[in-house]
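First comes the structure, then the notes that go with it.
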Protein chains: 2
Amino acid sequence: MAEAVNIKRLAQELNISIATVSKALNDSYEISLKTKNRVWTLAKELNYTPNPAASNLRSHKTKTVAVIIPCVANNFFSLSIKGIEEIARQYGYHVLIYQTHENIEAEVAFTNSLLNGRVDGILTSVSSSEYNSEYYTNLVKKIPLVFFDRVYENLDAVKVTTDDYEIAFQATEHLIECGCTKIAYLYGLENLPAGKARFAGYLDALKTHGIAADEQPVVKYQDDEELNLQHIKELLKEYKPDALFSSIEEFIIPAYCACREMDLKIPDDVKILSFSNLSTAKLLSPSLTTISQPAFEIGREAAKCLFKILNNKQLDDEQNIILKSVLTKRESTGC
Amino acid sequence: MAEAVNIKRLAQELNISIATVSKALNDSYEISLKTKNRVWTLAKELNYTPNPAASNLRSHKTKTVAVIIPCVANNFFSLSIKGIEEIARQYGYHVLIYQTHENIEAEVAFTNSLLNGRVDGILTSVSSSEYNSEYYTNLVKKIPLVFFDRVYENLDAVKVTTDDYEIAFQATEHLIECGCTKIAYLYGLENLPAGKARFAGYLDALKTHGIAADEQPVVKYQDDEELNLQHIKELLKEYKPDALFSSIEEFIIPAYCACREMDLKIPDDVKILSFSNLSTAKLLSPSLTTISQPAFEIGREAAKCLFKILNNKQLDDEQNIILKSVLTKRESTGC
DNA sequence: TTTAATTACGTAAACGTTTTCGCCTAGCTT
DNA sequence: AAGCTAGGCGAAAACGTTTACGTAATTAAA
């Protein structure tokens, strides 16, 4: 470690006070350009970088934000993080990652552990296991917080989401136009606004086209691959739907497998469509019609909002930013 | 924020010194159980959590590690992070994420920015753009560092890798057993040990089976989807290989697309096999034979090693931990 | 009974910054 | 010549911990 290079060292070598050095490093107007230059060149020469702990302690700024998400190993979230990280770089912020694994207790525990000044702000996509509105109502008063994709409603906080209702409506209409009348729904995120909006869009599209919405079968997501497969197979056997509307990516593999195991041809016997950020959707057998959310953009947008808040910039206007998803029609719906 | 709750506050309310409070919180042997209990209950009551900056500053421990990787939005890395994060939770560590986008300057800049005490240790999977051995030779003396998957060799640091040579050899033999004799190689990570080992395994398998290794065509990876597609198409047209050995996941989409555009049937006209952590490999059309690395395990293993070092535990024996990849034969190689 | 050891706690310095406040000098203004 | 202003800098406190060291009271050893 040699002798540490800190402000004191710089001050000694330059025969000036540590206050002057600190101010010079922060480009304060109090310091003459001449002195600043002396400080800057020596700092560069000695490879000086300020100690973040000391700086945090004194200034109460950490230049760090936390991202709290259910799981990193998910196309949507890893793309979001990519977006967040890119913006964080531009603003010179550091990014901490926390995975909740859809566990609300873990979510609360992580969040609480960040309130002691470890981070300046939080980006979060909440767990689907429960809806603890009270907790977040209090939380948003304590720390700058931006929600993305999976949000709590009616809170005084920025939320970045997508047009779940509209795109689900549109996707359902697509299935109807393809001749489907028995459209089963694979239901995920049922506790969250996003999940409810998707389901609502689906139901309303059915109603609009005179299809009895309440007769359509629904399979709810379980955190168990085998179980989902089982449920979908039962669904296919008992209701013989002509389409599956999958509201989350996690249903794709069990849905495809179920059809194969039951010898149902996609799209002839049953059409499939899913929310998904899978890059290989077009390579599936058959290629999959998807609703893909702009995950990367969501991450970027959410991060930008947070940094604006942290830098006391005025947010353009709205607290709700809604990005558009895109429906890509492929073979699995006969296109 | 109300009045901040810190050690001083606890000390006042309990009529003891702040030193006693600090020691009690850290469960020091110097403090009686009675006093500890008083401190603990009040701390819980007031929701006290220690200020990390102050703690870091004084103790030089951050309980934080950094993960430096090329990109989060990649199946291998997102799975690795998932593993790292899980272990970090167990040890009570926080995880910072940095993406290099395969840019060696960014990699060096990030790493340097972490040397001022921001983190206790670093987990890294290095950029493929260049091989700056000198930098890392110096770095490992400055901070605990664990490499995973993409490593620098001949360094005094722990490295967690996979059996790239052996599995590439085995996969090549699989192609040969399927009757292939003109096996083109889609070459990624050529600057790194992992990339070289894969290529060497491929070449040696060819030689072992009496196939002229130096006559096999090679396409090197470019950071441009369109270009890779173009090159593969040219390869297919000019050399008419009967198999493609893809050494990285990024070649899958262009390879499949190239075959489709040129009306080549997989696996009849050309067989394909790829290193990949794609969860949907079995759903591709046709399903893809893969070599999948235990990404999640690699992350876990690497993190465990780092935390052992940070806790001054003896590492079991070796600095090189080598995990096994698995070859899954599917339709794309005719299985 | 004296001395040594142990237990339980307090004092104060230290970690490396940022920031308030005050001082000094040079250059103006009257 | 006296008074002002502004520019440039330094002294010192503060941020919330941890920890080396000291000390008083109690217990154990002699």
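What you see is a predicted model; the values in this text were computed from it and never measured. Here is the naming used below: chain letters follow the sequence lines, and residue numbers restart at 1 for every chain.
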Could you check A:His60 against A:Ile18 and say which one's nearest nucleotide on DNA chain D is further toward the 5' end? A:Ile18
Provide, to the nearest angstrom, the distance between the NZ atom belonging to B:Lys63 and the P atom belonging to D:dT17. 17 Å
Identify which nucleotide among D:dT17, C:dG10, C:dT17 has an atom closest to any side-chain atom of A:Ile7, counting heavy atoms from C-beta outward. C:dT17
Rounded to whole angstrom units, what separation is found between the CG atom of A:Asp27 and the P atom of C:dT19? 14 Å
Would you say D:dG16 has OP1 or OP2 under 4.0 Å from some side-chain N or O of B:Ser22? no
What nucleic acid atoms does B:Asn26 come within less than 4.0 Å of, heavy atoms only: base, sugar-phosphate, or nothing? sugar-phosphate
Going by distance alone, is a donor N or O of one side chain under 3.5 Å from an acceptor N or O of the other, for A:Ser128 and A:Glu102? yes
Mapping A:Ser59 and B:Glu30 to their closest nucleotides on DNA chain C, which lands nearer the 5' end? B:Glu30
Which nucleotide, C:dG10, D:dC9, D:dG16, lies nearest any side-chain atom of B:Asn6? D:dG16
How would you label the contact of A:Lys23 with the nucleic acid (heavy atoms, under 4.0 Å): base, sugar-phosphate, or nothing? base
Using the six-membered ring of B:Phe296, assess whether NZ or CZ of B:Lys82 lies under 6.0 Å from its centre and within 45 degrees of the ring axis. yes
Write down the distance between NZ (B:Lys36) and C1' (C:dT7), rounded to a whole number of angstrom. 12 Å
Specify the separation, in whole Å, of atom CZ of A:Arg118 and atom C1' of D:dT17. 13 Å
Would the base of C:dT17 count as contacting A:Arg58 through its side chain, where contact means a donor and an acceptor less than 3.5 Å apart? no
Base, sugar-phosphate, or nothing: which does A:Ser32 touch, judged by heavy atoms less than 4.0 Å apart? sugar-phosphate
If you only use heavy atoms from C-beta on, which nucleotide in D:dC15, D:dT17, C:dT17 is closest to the side chain of B:Pro50? D:dT17
Of the listed nucleotides (D:dC15, C:dC9, D:dA11), which one gets closest to any side-chain atom of A:Ala19? D:dA11
Quick one: do A:Lys36 and A:Asp27 make a salt bridge, cutoff under 4.0 Å? yes
Does a donor on one side chain sit under 3.5 Å from an acceptor on the other, for B:Asp156 and B:Gln319? yes
Please check if the distance between the ring centroids of A:Phe147 and A:Tyr136 is under 6.0 Å. yes
For A:Asn15 and D:dC9, give me the distance from atom CG to atom P, rounded to whole Å. 13 Å
Tell me, yes or no, whether the heavy-atom count around A:Asp223 atom CG, taken from other residues, nucleotides or ligands under 6.0 Å, exceeds 12. no
Check whether any side-chain N or O of A:Tyr48 sits under 4.0 Å from OP1 or OP2 of C:dT17, and answer yes or no. yes
Take atom CG of B:Asn116 and atom C1' of C:dC15, then tell me their distance rounded to the nearest Å. 14 Å
Could you check how far CG of B:Asn37 sits from P of C:dC9, rounded to whole Å? 12 Å
Under 4.0 Å from OP1 or OP2 of C:dG10: is there any side-chain N or O of B:Ser17 that close? yes
Atom CG of B:Leu25 and atom P of D:dT17: how far apart are they, to the nearest Å? 9 Å
Of all the nucleotides listed (C:dG10, D:dT18, C:dT18), which has the minimum atom distance to the side chain of B:Ile16? C:dG10
